[in-house]
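Chain A is the first sequence line, chain B the second, and so forth, proteins listed ahead of strands; every chain is numbered from 1. Excluded from the calculations below are hydrogen atoms, water molecules and symmetry mates; all remaining heavy atoms, backbone and side chain alike, are included.
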Amino acid sequence: MEHPVQLYDTMTRQKKPFVPLNPPTVTMYVCGPTVYGDPHIGNLRSFTSGDLIRRWLEYRGYDVKYVLNITDIDDKTIRDSGTAGKTLKEFTEHYTGVFLRGLDMLNNKRAISHPRATAYVPQMIDFIKTLEEKGIAYDAEDGVYFDIDKFPGYGALSGVDVEKVEQTDRVSKDEYDKENAHDFALWKKATPDELERGIYYESPWGPGRPGWHIECSVMTNQLLGETIDIHAGGEDLTFPHHENEVAQSESYTGKQFVRYWIHMRHLMIDGGRMGKSLGNYVSFEDVLEKHSPEAFRYLYLSTQYRRPLNFTWSAMESAENTVHRLANTLDLIENAMKGPDDNLDFEEREATLLKTVKEAKTAFIEAMDDDINTPIALGHLHAISGAINEYVTGPANKGVLGEAARHYMELLNVLGLFEKRSTGGDEVTERLITMITDLRLEQRKEKNYAFADIIRNRLAEAGVEIQDTSEGTTWKLKS
RNA sequence: GCCGGGUUGGCUGAGUGGUUUAGGCGUCCGCCUGCAGAGCGGAUCCACGGGGGUUCGAAUCCCUCGCCCGGCUCCA
């Protein structure tokens with residue numbers, strides 16, 4: 001098959017044609033969240049970008065096996081569940097639920113698996129055992145460590161020169177019982193507190209729990225195989241997390257671990273870093289209080305995933321307006337399709353519409369193929385929206401309009417916009433509202449505008465938006 | 001300090017040597033309209049962090065300085 005998509009690969013630091021190992025199958029793994037709190041809007045950006053890449057590859061004919069893991073055991077989950085007086089399981093299940101609902105709201109497709117680290121502990125133990133047998137891992141006082149001197153390629157992904165860094169790292173070196181400052185834990189032996197709370201697993205090295213990095217190596221291996229096509233995550237994960245994963249997995253299998261490394265840029269706020277301690281933290285909930293999840297997804301799309309995204313409330317409002325406008329085109333289409341069939345001809349207007357739509361779609365596809373350049377793609381989407389809006393100001397040829405609409409919706413769907421849109425209600429609601437707007441129309445004909453406005457206001461209070469047009473009155477339920 | 005990325009209009013955001021430096025939002029004007037909304041048409045006045053350099057020509061290449069982000073260190 002053809003492979004038109006170009007993706008930027010962190011390992012080779014260049015954009016290159018995306019060719020999966022076994023087309024049309026694509027194996028894709030995204031490093032998911034540690035579930036110890038509400039979802040972070042910067043984090044959600046990374047996952048939405050992952051969703052977008054997946055959708056685009058599917059649009060391009062690939063069968064994407066997409067996995068997004070859940071880290072449900074680590075220092076923070078253990079600490080905070082203790083503070084909250086809950087068991088680790090209760091605590092992480094709660095936040096896993098919150099996280100998945102957040103993804104749903106943002107219209108991210110569910111992965112084929114959202115594996116939890118705690119479900120793969122036996123496999124992790126086996127994996128570590130093998131590394132130990134190969135002489136790459138060693139058992140120390142407080143855990144089992146990976147000996148990075150045994151992996152010559154260490155540092156290739158992140159460009160970190162371990163030799164250099166070590167010299168400034170004396171202090172932390174003394175704190176641990178490991179042989180080299182950059183050796184990292186594969187297995188952490190249980191602390192007295194963890195033993196008391198029952199947070200541990202039996203292993204050949206005594207009770208304990210897996211290290212963070214080993215989780216991803218084992219779960220990718222179990223679910224997607226030894227070599228995967230795409231491994232993605234936030235830019236902060238490049239070092240040490242992903243570097244360590246490469247070391248573990250390639251030491252274990254002797255094969256290339258990942259063909260394309262994709263890292264998403266962080267989200268900023270007002271041009272700087274966002275943090276709870278900086279007092280400028282904006283939560284997902286804060287955003288949803290003022291704006292639709294659709295608009296939030298649009299904001300994510302408005303910047304290419306590899307560029308910094310600056311969150312501001314004015315950008316958020318802008319996104320809201322834009323989304324409203326794009327959705328309005330769907331309303332205009334719907335209304336025009338309901339209208340009279342008084343145009344059955346194919347003339348210049350029709351030719352122009354289809355030509356514009358076709359050209360814009362081609363350009364949209366080119367932009368997306370070029371490392372998922374969403375800002376450019378959105379520009380072409382607007383060209384289609386505008387062309388349709390203009391066309392329906394006149395009598396519509398329903399065949400031609402339907403064709404244009406089909407392309408428009410296809411592109412909206414691939415971006416994950418308006419898939420769950422519903423403007424209507426059930427049949428009774430629909431007939432009632434139509435009856436009310438018909439009665440109001442009578443009042444308007446009598447020039448009884450005050451009464452007509454009261455009806456309009458009361459409908460708005462009930463969540464029904466109406467618009468008067470030359471063809472009559474149209475309505476839709478507010479989302 | 002070291003390594004990597006960034007710095008474009010009121011906001012957002014394309015564009016890596018040469019016709020007008022996209023698109024969106026906002027704002028303004030007009031059309032339509034009982035009003036509102038939506039839509040259509042038009043407008044938005046020297047916008048490329050500072051300073052040097054290369055070139056016939058630079059937002060784009062080179063040098064330098066500033067600021068921002070990520071990593072090196074718990075922080076997504």
Side-chain angles (χ1 to χ4, degrees), chain A residues 10 13 31-34 36-37 39-47 74-76 79 155 158-162 164-169 171-172 181-182 233-243 263-278 298-299 301-304 306-329 331-332 335 360 363 367 373-383 385-386 388-394 444-445 447-450 452-453 456-457 460 465-470 473-474 476:
Chain A
T10 306
R13 289 173 182 72
C31 277
T34 301
Y36 70 106
H40 186 289
I41 62 171
N43 221 328
L44 288 172
R45 181 198 185 194
S46 294
F47 303 131
D74 81 320
D75 291 339
K76 286 171 298 217
R79 180 194 66 204
S158 58
V160 169
D161 185 344
V162 180
K164 256 188 189 171
V165 180
E166 269 172 41
Q167 297 171 356
T168 59
D169 216 12
V171 181
S172 61
H182 272 79
E235 61 175 320
D236 56 310
L237 299 178
T238 312
F239 188 89
H241 185 53
H242 290 158
E243 194 71 61
H263 290 99
M264 292 89 168
R265 263 298 140 64
H266 278 186
L267 174 145
M268 299 192 298
I269 184 160
D270 296 326
R273 178 202 175 110
M274 180 169 93
K276 282 176 186 165
S277 56
L278 297 174
Y298 187 92
L299 181 77
L301 297 177
S302 68
T303 304
Q304 202 252 359
R306 228 152 37 73
R307 313 271 296 184
L309 167 63
N310 191 26
F311 179 94
T312 60
W313 287 108
S314 83
M316 200 54 237
E317 277 162 37
S318 168
E320 189 77 74
N321 290 338
T322 307
V323 159
H324 193 74
R325 213 171 122 79
L326 290 175
N328 197 254
T329 295
D331 291 338
L332 292 173
N335 290 332
N373 195 334
T374 43
I376 293 285
L378 287 174
H380 298 300
L381 191 69
H382 282 107
S385 162
I388 291 174
N389 289 352
E390 191 186 351
Y391 182 71
V392 296
T393 57
R444 289 181 64 221
K445 278 180 187 162
K447 298 204 187 297
N448 195 354
Y449 294 125
D453 289 349
R456 182 168 60 195
N457 290 339
E465 271 181 1
I466 63 172
Q467 285 182 25
D468 296 321
T469 71
S470 49
T473 300
T474 66
K476 64 177 175 180

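Comparing Tyr36(A) and Ala319(A), the nucleotide of RNA chain B nearest to each residue sits closer to the 5' end for Ala319(A). Residues Arg79(A) and Glu317(A) each lie close to RNA chain B; by heavy-atom proximity, the contact nearer the 5' end of the strand is made by Glu317(A).
To the nearest 0.5 Å, atoms NE2 (His242(A)) and CG (Asp236(A)) are separated by 8.5 Å. A distance of 6.0 Å separates CG in Asn328(A) from CD in Gln467(A), rounded to the nearest 0.5 Å. Taken to the nearest 0.5 Å, the CG atom of Leu309(A) stands 13.0 Å off from the CE atom of Met264(A).
The base of C75(B) is not paired with the side chain of Asp236(A) by any donor and acceptor separated by under 3.5 Å. Scanning atom types as modelled, one donor and one acceptor separated by under 3.5 angstrom connect the side chain of Asp453(A) and the base of G34(B). In this model, a side-chain donor or acceptor of Arg273(A) finds a partner on the base of C75(B) within 3.5 Å.
Across all strands shown, U21(B) forms no Watson-Crick or G-U wobble pair with both distances under 3.5 Å. In this structure, C67(B) and G6(B) make a Watson-Crick or G-U wobble pair, each of the two defining distances being under 3.5 angstrom. Across the strands present, G39(B) finds its partner in C31(B); the criterion is a Watson-Crick or G-U wobble pair with both atom distances under 3.5 angstrom. In this structure, C46(B) forms no base pair with any nucleotide, since neither Watson-Crick nor G-U wobble geometry is met with both distances under 3.5 Å.
Across all strands shown, Leu44(A) has no heavy atoms under 4.0 Å from either base or sugar-phosphate atoms. Counting any heavy atom pair closer than 4.0 Å across all strands shown, Lys447(A) reaches no nucleic acid atom. Using a 4.0 Å heavy-atom criterion, one finds that Glu235(A) contacts the sugar-phosphate atoms exclusively. Residue His266(A) is classed as a base contact, given a heavy-atom separation below 4.0 Å to a base. Within 4.0 Å of Glu320(A), counting heavy atoms only, lies no atom of the nucleic acid at all. At a threshold of 4.0 angstrom between heavy atoms, the contacts of Arg456(A) include nucleobase atoms, whether or not backbone atoms are also involved. Across all strands shown, Arg325(A) has heavy atoms under 4.0 Å from sugar-phosphate atoms exclusively, and none from any base. Residue-level contact check: Thr303(A) touches the backbone only, with heavy atoms under 4.0 Å from sugar-phosphate atoms and none from bases. Residue Asp75(A) is out of contact with every strand shown, counting any heavy-atom pair closer than 4.0 Å. Among the atoms of the strands shown, only primed sugar atoms or phosphate atoms (P, OP1, OP2) are found under 4.0 Å from some heavy atom of Arg265(A). Nucleic acid contact for Pro33(A): none, since no nucleic acid atom lies under 4.0 Å from a heavy atom of the residue. Nucleic acid contact class of Gly42(A) (heavy atoms, under 4.0 Å, all strands): base.
As a whole-Å value, the separation of Phe311(A) CZ from C11(B) C1' is 13 Å. For the pair His382(A) NE2 and G13(B) C1', the interatomic distance rounds to 12 Å; values are reported in whole Å. Nucleotide G26(B) holds its C1' atom 16 Å from the CG atom of Leu299(A), rounded to whole Å. The distance between atom CD of Gln304(A) and atom C1' of G6(B), rounded to the nearest whole Å, is 13 Å. Atom-to-atom, CE of Met264(A) to P of G6(B) comes out at 18 Å; the value is rounded to the nearest Å. The CD atom of Glu243(A) sits 13 Å away from the C1' atom of C3(B) (whole-angstrom rounding). Between the CG atom of Asp270(A) and the C1' atom of C67(B) there is a distance of 16 Å, rounded to whole Å. The separation between Leu378(A) atom CG and A22(B) atom P is 18 Å, rounded to whole Å.
Considering only side-chain N and O atoms, Lys76(A) lies under 4.0 angstrom from the phosphate OP1 or OP2 of C75(B). At U12(B), one or more side-chain N or O atoms of Asn310(A) fall inside 4.0 Å of OP1 or OP2 (strictly under the cut-off). Within the structure, a side-chain polar atom (N or O) of Arg307(A) is placed less than 4.0 Å from OP1 or OP2 of U7(B).
Taking the side chain of His182(A) as heavy atoms from C-beta on, and the options G24(B), G13(B), C72(B), the nearest nucleotide is C72(B). Closest to the Leu332(A) side chain, of the nucleotides A14(B), C25(B), G39(B), is G39(B). Taking the side chain of Asn321(A) as heavy atoms from C-beta on, and the options G37(B), G26(B), G39(B), the nearest nucleotide is G26(B). Picking from G24(B), C72(B), G39(B) the nucleotide with the shortest atom distance to the side chain of Pro240(A) gives C72(B). Considering only side-chain atoms of Gln467(A), the nucleotide from C11(B), G37(B), C25(B) that sits closest is G37(B). Here C68(B) is the nucleotide among A38(B), G34(B), C68(B) with the atom lying nearest to any side-chain atom of Met268(A). Of the candidates A22(B), C11(B), C35(B), A22(B) carries the atom nearest the Ile376(A) side chain, counting heavy atoms from C-beta on.
Across the C1' atoms, G24(B) and C74(B) are found 39 Å apart, a figure rounded to whole Å. Taking atom C1' in both G10(B) and U55(B), one finds a spacing of 35 Å when rounded to whole Å. With both ends at atom P, the span from G70(B) to C75(B) equals 13 Å, rounded to whole Å. Nucleotides G66(B) and G52(B) have their C1' atoms positioned 15 Å apart, rounded to a whole Å. Comparing the C1' positions of G4(B) and G53(B) gives a spacing of 26 Å, expressed to the nearest Å. A gap of 15 Å separates the C1' atoms of U64(B) and U54(B), to the nearest Å. Separating the C1' atom of C72(B) from that of U19(B) is a span of 48 Å, rounded to the nearest Å. Using atom P as the reference point in both C69(B) and C31(B), the two lie 49 Å apart (nearest Å).
Taking every heavy atom of both residues into account, Val392(A) and Leu332(A) meet most closely at CG2-CB, 4.0 Å. Residue Ile376(A) comes nearest to Ala367(A) through the heavy atom pair CG2-CB, 3.4 Å, listed as atom of the first residue, atom of the second, then distance. Closest of all the heavy-atom pairs between Tyr449(A) and Arg444(A) is CE2-O, 3.8 Å. Nearest heavy atoms, Gln304(A) versus Asn373(A): CG-CA, 4.0 Å. Contact between Arg307(A) and Arg45(A) at its shortest, heavy atoms only, is O-NH2, 2.8 Å.
By the 5.5 angstrom centroid cut-off and the 30-degree plane limit, Phe239(A) is classified as not stacked against the base of G71(B).
Side chain of Glu243(A) to main chain of Gly155(A): a donor-acceptor pair is present (N/O by atom type, distance under 3.5 Å, no hydrogens or angles).
Using cut-offs of 30° and 60° for the angle between ring planes, the His382(A) and Tyr298(A) rings count as perpendicular.
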